[in-house]
J.: 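Below is the structure I would like to discuss, written out as structure tokens.
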Amino acid sequence: MSDRDDGLIELGDGKTRCSWCASTPEYVAYHDAEWGFPVTDERRLFEKLCLEGFQSGLSWLTILRKREAFRSAFAGFDVEKVARFGERDVERLLGDAGIGGTAGRSSRP
């Protein structure tokens with residue numbers, strides 16, 4: 001791994017990346033496959049918007065590590081399915097340990 005003065009880093013695989021992603025493999029994967037790439041798929045966009053909301057007050061790494069649990073809990077971020085969620089679904093989300101620490105943000109007023 002080599003640090004540079006321009007905010008970029010080389011991690012030994014010959015690729016130059018932003019230095020913020022060097023701390024974990026999850027960040028490297030996110031940087032290489034998603035960060036800075038446009039999102040044109042509606043389901044992926046809905047997922048990104050939801051995860052950004054759940055991230056409030058947490059590290060993005062926490063959200064990345066829980067992403068599969070969020071996908072499961074929120075019906076793969078299928079907008080039509082999530083729009084039909086009712087009180088039972090809200091209670092299920094509030095008790096979901098896989099998204100624990102963030103589920104309270106899903107409840108409606």
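Excluded from the calculations below are hydrogen atoms, water molecules and symmetry mates; all remaining heavy atoms, backbone and side chain alike, are included.
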J.: Could you list the donor-acceptor pairs under 3.5 angstrom formed by side chains in residues 69-80, with sequence neighbours left out?
T.:
residue : atom : partner : partner atom : Å
Arg71   : NE   : Glu47   : OE1          : 3.2
Arg71   : NE   : Glu47   : OE2          : 3.0
Arg71   : NH1  : Glu68   : OE2          : 2.5
Arg71   : NH2  : Glu47   : OE2          : 3.0
Asp78   : OD1  : Glu80   : N            : 3.0
Asp78   : OD1  : Lys81   : N            : 3.2
Asp78   : OD2  : Arg43   : NH2          : 3.0

J.: Hey, could you give me the CD1/CD1 distance between Ile99 and Ile63, rounded to the nearest 0.5 Å?
T.: 9.5 Å
J.: Any side-chain heavy atom of Phe85 sitting closer than 4.5 Å to one from Leu93?
T.: yes
J.: Which residues pass the salt bridge (charged side-chain N to carboxylate O under 4.0 Å, His left out) test with Glu91, sequence neighbours left out?
T.: none
J.: For Thr40, which residues count as a side-chain hydrogen bond (donor to acceptor under 3.5 Å, both in side chains) partner, sequence neighbours excluded?
T.: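 side-chain hydrogen bond (donor to acceptor under 3.5 Å, both in side chains) list for Thr40, sorted by chain: empty.
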J.: Quick one: list whatever passes salt bridge (charged side-chain N to carboxylate O under 4.0 Å, His left out) with Asp41, sequence neighbours left out.
T.: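 Residues passing salt bridge (charged side-chain N to carboxylate O under 4.0 Å, His left out) with Asp41: none at all.
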J.: Tyr27 and Trp35: aromatic ring centres closer than 6.0 Å?
T.: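 Between Tyr27 and Trp35, the centre distance exceeds or equals 6.0 Å.
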J.: Enumerate the salt bridge (Lys or Arg N to Asp or Glu O under 4.0 Å) contacts for residues 18-33, please, sequence neighbours excluded, ordered by first and then second residue.
T.: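 Output for this query lists Arg17-Asp32, Glu26-Arg65.
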J.: Could you report the tightest heavy-atom contact between Ala22 and Leu11, atom names first, then the distance?
T.: CB-CD2, 3.8 Å
J.: With a cut-off of 6.0 Å (strictly less than), are more than 12 heavy atoms of other residues, nucleotides or ligands near CD of Glu42?
T.: no
J.: On a heavy-atom basis, which atom in Ile9 and which in Ser19 lie closest, and how many Å separate them?
T.: CG2-CA, 3.8 Å
J.: Look up atom OG1 in Thr16 and atom CG in Asp6, then write down how far apart they are to the nearest 0.5 Å.
T.: 8.5 Å
J.: Just how far is it from atom CZ of Phe54 to atom OG1 of Thr62, taken to the nearest 0.5 Å?
T.: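 These two atoms lie 14.0 Å from each other.
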J.: Is Leu45 isolated, or which residues cluster with it under the ILVMFWY side-chain rule of less than 4.5 Å, directly or via members?
T.: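 Answer for Leu45: Val39, Leu49.
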